[in-house]
2 protein chains.
Amino acid sequence: MTLPQLQSLQCSDCPIRHRAVCSRCETDELQMLDTIKYYRSFEAGQPIIWSGDQMNFVGSVVTGIATLTQTMEDGRTQMVGLLLPSDFVGRPGREGAAYDVVATTDVVMCCFRKKPFEDLMLETPHIAHRLLEMTLDELDAAREWMLVLGRKTAREKIASLLAILAQRDVSLSKNAASGEVTFDLKLTREAMADYLGLTLETVSRQMSALKKSGVIVLESKRRVKVPDMRLLIEEAGDDTDGGVVG
Amino acid sequence: MTLPQLQSLQCSDCPIRHRAVCSRCETDELQMLDTIKYYRSFEAGQPIIWSGDQMNFVGSVVTGIATLTQTMEDGRTQMVGLLLPSDFVGRPGREGAAYDVVATTDVVMCCFRKKPFEDLMLETPHIAHRLLEMTLDELDAAREWMLVLGRKTAREKIASLLAILAQRDVSLSKNAASGEVTFDLKLTREAMADYLGLTLETVSRQMSALKKSGVIVLESKRRVKVPDMRLLIEEAGDDTDGGVVG
DNA sequence: GCCTCGGGTTGATCTGTGTCAAAGCGAACA
DNA sequence: TGTTCGCTTTGACACAGATCAACCCGAGGC
């Protein structure tokens, strides 16, 4: 079997390509998608969905960053996924949301009403296959992150996160020859800590440590220059090279 | 959309139900499955697949326990999944294996050759939907585990693992009224440590501590009695009640 | 019965992160 | 121009869990 090509399709007025929609879908299916599509905006800090809520839509992040987090009764929280532009939100076939989804920056989402999307999916095997493909990607990313959470040191954790963000950030500027990359860090120290299973103080200290040893340069608190990407990846102590975000 | 019913199908000579095969599949598809099916046995400790290997089959665990693990260059390892009987192995549409799969006990697997299985999946949307359903379950389990790895204490981690194993073990004996459960712990202390991101010494100490406070009774090193399941779940400190294994 | 060997326990000590607390910094606003 | 407020940094100290090391226990094998 060859699953439909990974390359996805740009819908008529989104600035992004929806990774959930495959390139083999026929024109009338796309028109169908257009009819059930609408946009929603969220301000930074605003919840998109609470865990347990009824979800009546699925969709893609168009701009901004959202996070998936789990919370324990006593308030401890763990971020379990990071949603960057083009990432898909929602579980076709599932009723309630499993996690809190929160807009970390201002976010625009392109949503599809859930029922029609699912109907379309039933009629269109390619969409189901594409969704399976994406879910497998997310599963890989989650398992990759289990290694980070379970076995890496604080310094390695920070380096792993920065490597992933550097590789997926759209606002980044690259210099292919030198391997230099600069990008905007759109997470607070606290959000980084939540993702890495650390405290914000430890994050801050390790950022300072990485700065001191020249692995990163902080042009401002939220703007990071990586003089040599290979060095950062080495600090991440990884056999893989950063992986995908889920 | 309603995905095909979750109830899975018992194939003609397996003692288990393959959770990957949905109950709506037509008879000729099942016969097709039968023609591409074969069994493989593995001894305890034996590798089933190495990370990066070409995978030419998918299948279900029939008996025994297998583990998915990731390894760093310096030897640190993290288990990222636990495969119990009826669990599915393999990534339709993917070439290489992403993790080491190792038989922890003696294992029998019911395998399908990959190509024919994928062909069948292309023709049979129900199988694809069922697979998506399962992958979403695994993703939930992986994310649940991220919370365990990132934010729980050693004691909570052990309790979480025991709770999951107790809920899924087939060899268990229950007493519904009192909430008492006894089951075989089929993992070494080291395997538990690998799953929990701990050392085996810490696992041993926390097992002793849980024993001392009466949460568990060790009938032998590998046979665990849980006098009160609610108490164990409380020790796991979870808002959810144990979750699923991936 | 004795030996061996793999897994398991327990103890002493070390160390990476968490915790608590204070102070720095920059953006927005009066 | 100063005040405030949210985010960040830095320091001092505490502690959970890692590390190193010794010993225990039960199942085979001879």
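Lettering follows sequence order; numbering is per chain, from 1.
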Closest to side chain of Lys221(A), choosing from dT9(C), dT19(C), dT8(D) = dT8(D)

Nearest-angstrom distance from the residue atom CD of Glu219(A) to P of dG26(C) | 15 Å

Give the rounded distance in Å between these two atoms: CD of Gln206(A) and C1' of dT8(D).
-> 15 Å

Starting at atom NZ of Lys152(B), determine the distance to atom P of dG17(D), rounded to an integer number of angstrom.
-> 13 Å

Which listed nucleotide (dT9(D), dT9(C), dT17(C)) is nearest to the side chain of Leu200(B)?
-> dT9(C)

Among dG11(D), dT9(D), dG17(D), which nucleotide sits nearest the side chain of Leu198(B)?
-> dG17(D)

Using a strict 4.0 Å threshold on nitrogen-to-oxygen distance, state whether Asp194(B) and Arg189(B) make a salt bridge.
-> no

Picking from dT10(D), dT9(C), dT19(D), the nucleotide nearest the side-chain atoms of Ser208(A) would be dT10(D)

For atom CG of Leu149(A) and atom P of dG16(C), their distance in whole Å = 20 Å

Measure from the side-chain heavy atoms of Thr202(A) and tell me the nearest of dT17(C), dT10(C), dT8(D).
-> dT17(C)

What does Gly197(A) touch in the nucleic acid at a heavy-atom separation under 4.0 angstrom: a base, only the sugar-phosphate, or nothing?
-> sugar-phosphate

Tell me: CZ of Arg205(B) to P of dC23(D), nearest whole Å?
-> 16 Å

Separation of dT8(D) P from Glu190(A) CD (nearest whole Å) = 9 Å

For Thr188(A), answer base if it contacts any base atom (sugar-phosphate contacts may also be present), sugar-phosphate if it contacts only those atoms, and nothing otherwise; contact means non-hydrogen atoms under 4.0 Å.
-> sugar-phosphate

Please walk me through it: do Leu165(A) and Arg168(A) pass side-chain contact (heavy atoms from CB on, under 4.5 Å)?
-> CA-CA 5 Å; Leu165(A) 291 175; Arg168(A) 283 217 45 194; over 6 Å; no

Nearest-nucleotide pick for Ser204(A), side chain only, options being dT10(C), dT8(D), dT17(C) = dT8(D)

Should the pair Arg40(B) and Phe57(B) be classed as cation-pi, given the thresholds of under 6.0 Å to the six-membered ring centre and 45° from the axis?
-> yes

Residue met sooner reading DNA chain D from 5', once Leu218(A) and Arg151(A) are mapped to nucleotides = Leu218(A)

Determine: side-chain N/O of Arg222(B) to OP1/OP2 of dG8(C), distance under 4.0 Å, yes or no.
-> yes

Testing dT10(C), dT8(D), dT10(D) for proximity to the side chain of Glu201(A), the answer is dT10(D)

Are any of the side-chain nitrogens in Asp228(A) or Arg230(A) under 4.0 Å away from the carboxylate oxygens of its partner?
-> yes

In whole angstrom, what separates Asp194(B)'s CG from dG17(D)'s P?
-> 17 Å

Step by step, work out the side-chain contact (heavy atoms from CB on, under 4.5 Å) result for Ile233(B) and Glu235(B).
-> CA-CA 5 Å; Ile233(B) 287 170; Glu235(B) 288 286 351; over 6 Å; no

Between dG7(C) (P) and Leu185(B) (CG): distance, integer Å | 14 Å

Looking only at side-chain N and O atoms, does Arg189(B) come under 4.0 Å of OP1 or OP2 in dT9(C)?
-> yes

